[in-house]
Amino acid sequence: MASFGSTRGEEDSVLVQQNLFVRTLTLNRPRQLNALNFEMISRLLELFLAYEKDDNVKLVIVKGKGRAFCAGGDVAAVVRQINEGNWRLGAHFFRKEFTLNYLLATYSKPQVSILNGIVMGGGAGVSIHGRFRVATENSVFAMPETALGLFPDVGASYYLSRLPGFFGEYVGLTGTRLDGAEMLACGLATHFVPSTRLSLLEESLCKVDSSDFAIIQAIIDKYSQNPTLKEKSAYYRMDVIDKCFSRRTVEEILSALEKEATNNVDAWLTSTIQALKKASPMSLKISLKSIREGRLQGVGQCLVREYRMVCHVLKGEVSKDFREGCRAILLDKDKNPKWEPSKLELVTNHMVEQYFSKLDDEGWEELELPARSNLPVTAIAKL
């Protein structure tokens, strides 16, 4: 018998459904596309920690209510705090969020995320680190941070850098949107299940009394399909993506794309170049360096580095692009951010390096990740 547990009645932003050995967590802010606020992150952290210790919980399912899985972190709240002169409150939000990301990346029990809708930014952080990610024909994935003056965080420098070739640089720098078939092809999703079969899949999963990854895999496999990539999919451009996005600097990536574009008129190339030109130059440079460093680091090291970076972004000493990006895209919605520095060539290596250093700020501390023990092989591999 399924029972619904809730601490704050119907207003609960994370709904909990209990079946025998399975817990289903539903992100429940549909009007905000399930954007993660501090309360939701705290609740998820509390639940996942409790379930790991509870022998009666063998599997955790995470999904979103409405047309989104989760459209990201609630950055509007963070920007309000910065504007009120309190960037540290924002840092506290990211500290908690990154701790949750680390817990999920090293979780000892299977997590199945059902990505039937929008999965962006922070929404990727609470799903992509888990063992099973189920995409559907409604999935839309993106890491749109460079257009906001931020960078792909929530451990994205770990998982983007491990996509085939230089596809992660492409996805992370341009903020391009991927559909469910593309998510499966590049490995962001582990399965593709048509949305009409999701209720059957959930029903089967709720009968599970095992934490054996192979058993869960076999159940999801039963409902899975191998979708065809759409004709104009960026995934068919892997040769050009690898050729251009493997370059050493953002300037070189851009000029390689422009060179390709002089040889053939091509809508995909044009939109890729446009996306890079619209993004914050500072964001592009720190994002590229972050993904490149992430390729050689474990997930914990990535999150510790990203926490340093996000604190520099919030403090706004080198650049205030995050504040400006949020103003232009989320608050005033004029979609016309005035980036500073305004051009790639004005962003020096020294500026970029500062984002990767410890903050020289009284009371600031590095991200301390919780000690993890009895980890499955899949989690140990990520360290």
Side-chain angles (χ1 to χ4, degrees), residues 7 12-16 23-29 32-54 57 59-64 68-75 77-78 89-115 119-133 143 145 150-160 188 294 298-311 314 365-373 375-376 378-379 382-383:
T7 50
D12 219 343
S13 53
V14 180
L15 302 176
V16 179
R23 299 294 176 269
T24 303
L25 307 181
T26 304
L27 306 177
N28 185 35
R29 291 178 80 208
Q32 293 83 11
L33 301 178
N34 301 322
L36 297 168
N37 57 20
F38 188 75
E39 177 196 54
M40 290 166 84
I41 289 167
S42 304
R43 184 81 178 115
L44 288 168
L45 191 55
E46 179 192 342
L47 290 167
F48 271 97
L49 284 168
Y51 295 159
E52 195 163 51
K53 294 190 192 91
D54 186 342
V57 179
L59 165 68
V60 185
I61 298 171
V62 185
K63 59 184 194 172
F69 170 76
C70 171
D74 193 350
V75 290
V78 173
L89 267 180
H92 187 50
F93 171 90
F94 284 103
R95 195 176 187 90
K96 197 113 200 178
E97 186 179 26
F98 291 6
T99 304
L100 174 64
N101 301 145
Y102 183 66
L103 177 64
L104 300 184
T106 57
Y107 208 58
S108 59
K109 295 176 182 182
Q111 174 191 348
V112 178
S113 300
I114 296 177
L115 309 175
V119 189
M120 294 185 183
V126 293
S127 56
I128 305 299
H129 291 298
R131 180 62 185 83
F132 300 106
R133 290 94 58 190
M143 295 302 288
E145 287 83 0
L150 194 55
F151 61 92
D153 59 341
V154 297
S157 61
Y158 179 81
Y159 60 76
L160 289 179
L188 284 165
V299 70
Q301 291 169 299
C302 286
L303 286 161
V304 168
R305 171 176 42 70
E306 289 176 16
Y307 182 69
R308 285 185 184 184
M309 293 170 69
V310 88
C311 286
L314 297 175
E365 288 177 358
E366 291 265 37
L367 176 65
E368 292 276 340
L369 293 167
R372 309 286 291 129
S373 55
L375 294 181
T378 48
K382 296 180 185 175
L383 302 177

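Quick caveat: nothing in here was measured; it's all calculated off a predicted structure.
One finds the CZ atom of R372 at 8.0 Å from the OH atom of Y107 (value rounded to the nearest 0.5 Å). In this structure, CZ in R133 is found 8.0 Å from OG in S127, a value given to the nearest 0.5 Å. Between the SG atom in C70 and the CD atom in Q32 there is a gap of 11.0 Å [rounded to 0.5 Å]. To the nearest 0.5 angstrom, L49 atom CG is 5.0 Å from L103 atom CG. With values rounded to the nearest 0.5 angstrom, N28 atom CG is found 11.0 Å from K63 atom NZ. The CE atom of M40 lies 13.5 Å from the CG atom of L45; values are rounded to the nearest 0.5 Å.
Here Y159 pairs with H129 under the ring-ring contact (aromatic ring centres under 6.0 Å, His included) rule; sequence neighbours left out. Take Y51 and apply the ring-ring contact (aromatic ring centres under 6.0 Å, His included) test, not counting sequence neighbours, and it matches no residue. Y102 pairs by the ring-ring contact (aromatic ring centres under 6.0 Å, His included) definition with nothing, not counting sequence neighbours.
Side-chain atoms of T106 and E52, non-hydrogen and from C-beta on, never get closer than 4.5 Å to each other. Between M309 and D153 there is no side-chain heavy-atom pair separated by less than 4.5 Å. V310 is listed as a side-chain neighbour of L150, based on a closest heavy-atom distance under 4.5 Å. A 4.5 Å side-chain heavy-atom check between V62 and F48 finds at least one atom pair inside the cut-off. No side-chain heavy atom of E306 sits under 4.5 Å from any side-chain heavy atom of F94. L188 has its side chain out of reach of V119: every pair of non-hydrogen atoms, C-beta onward, lies at least 4.5 Å apart. Side chains of K109 and V60 form no contact here, defined as non-hydrogen atoms less than 4.5 Å apart. Side-chain atoms of L25 and R43, non-hydrogen and from C-beta on, never get closer than 4.5 Å to each other.
G121 and E145 get closest at one heavy-atom pair: CA-OE2, 3.3 Å. A pairwise comparison of heavy atoms in E39 and S13 identifies OE1-OG, 2.9 Å as the closest pair. When all heavy atoms are compared, the tightest approach of G123 to F69 is O-CE2, 3.3 Å. For the pair G294 and C302, the tightest heavy-atom approach, listed with the atom from each and the gap, is CA-SG, 3.7 Å. Summarising the geometry of P152 relative to L160, their closest heavy-atom pair is CB-CD1, 3.9 Å, with the distance given to 0.1 Å. Scanning both residues, L303 and V154, for their nearest heavy atoms gives CD2-C, 3.9 Å.
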message: side-chain hydrogen bond (donor to acceptor under 3.5 Å, both in side chains), that's the test. Do S157 and R305 meet it? Break it down for me.
response: CA-CA 10 Å; S157 61; R305 171 176 42 70; 2.9 Å; yes

- request: Just do the side-chain contact (heavy atoms from CB on, under 4.5 Å) check on N37 and R29 with the steps written out, would you?
  value: CA-CA 10 Å; N37 57 20; R29 291 178 80 208; 3.5 Å; yes

task: Begin from the C-alpha positions of T99 and K96 and carry the test side-chain contact (heavy atoms from CB on, under 4.5 Å) through to its verdict.
output: CA-CA 5 Å; T99 304; K96 197 113 200 178; 5.7 Å; no

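For T378 and R131, the side-chain atoms include no donor-acceptor pair closer than 3.5 Å.
Each of V14, V126, D74, L27 was compared with N34 under the side chain to side chain contact (heavy atoms under 4.5 Å, CB included) criterion, and only L27 meets it.
Classified by interplanar angle (parallel below 30°, tilted 30° to 60°, perpendicular above 60°), the ring pair H92/F38 is tilted.
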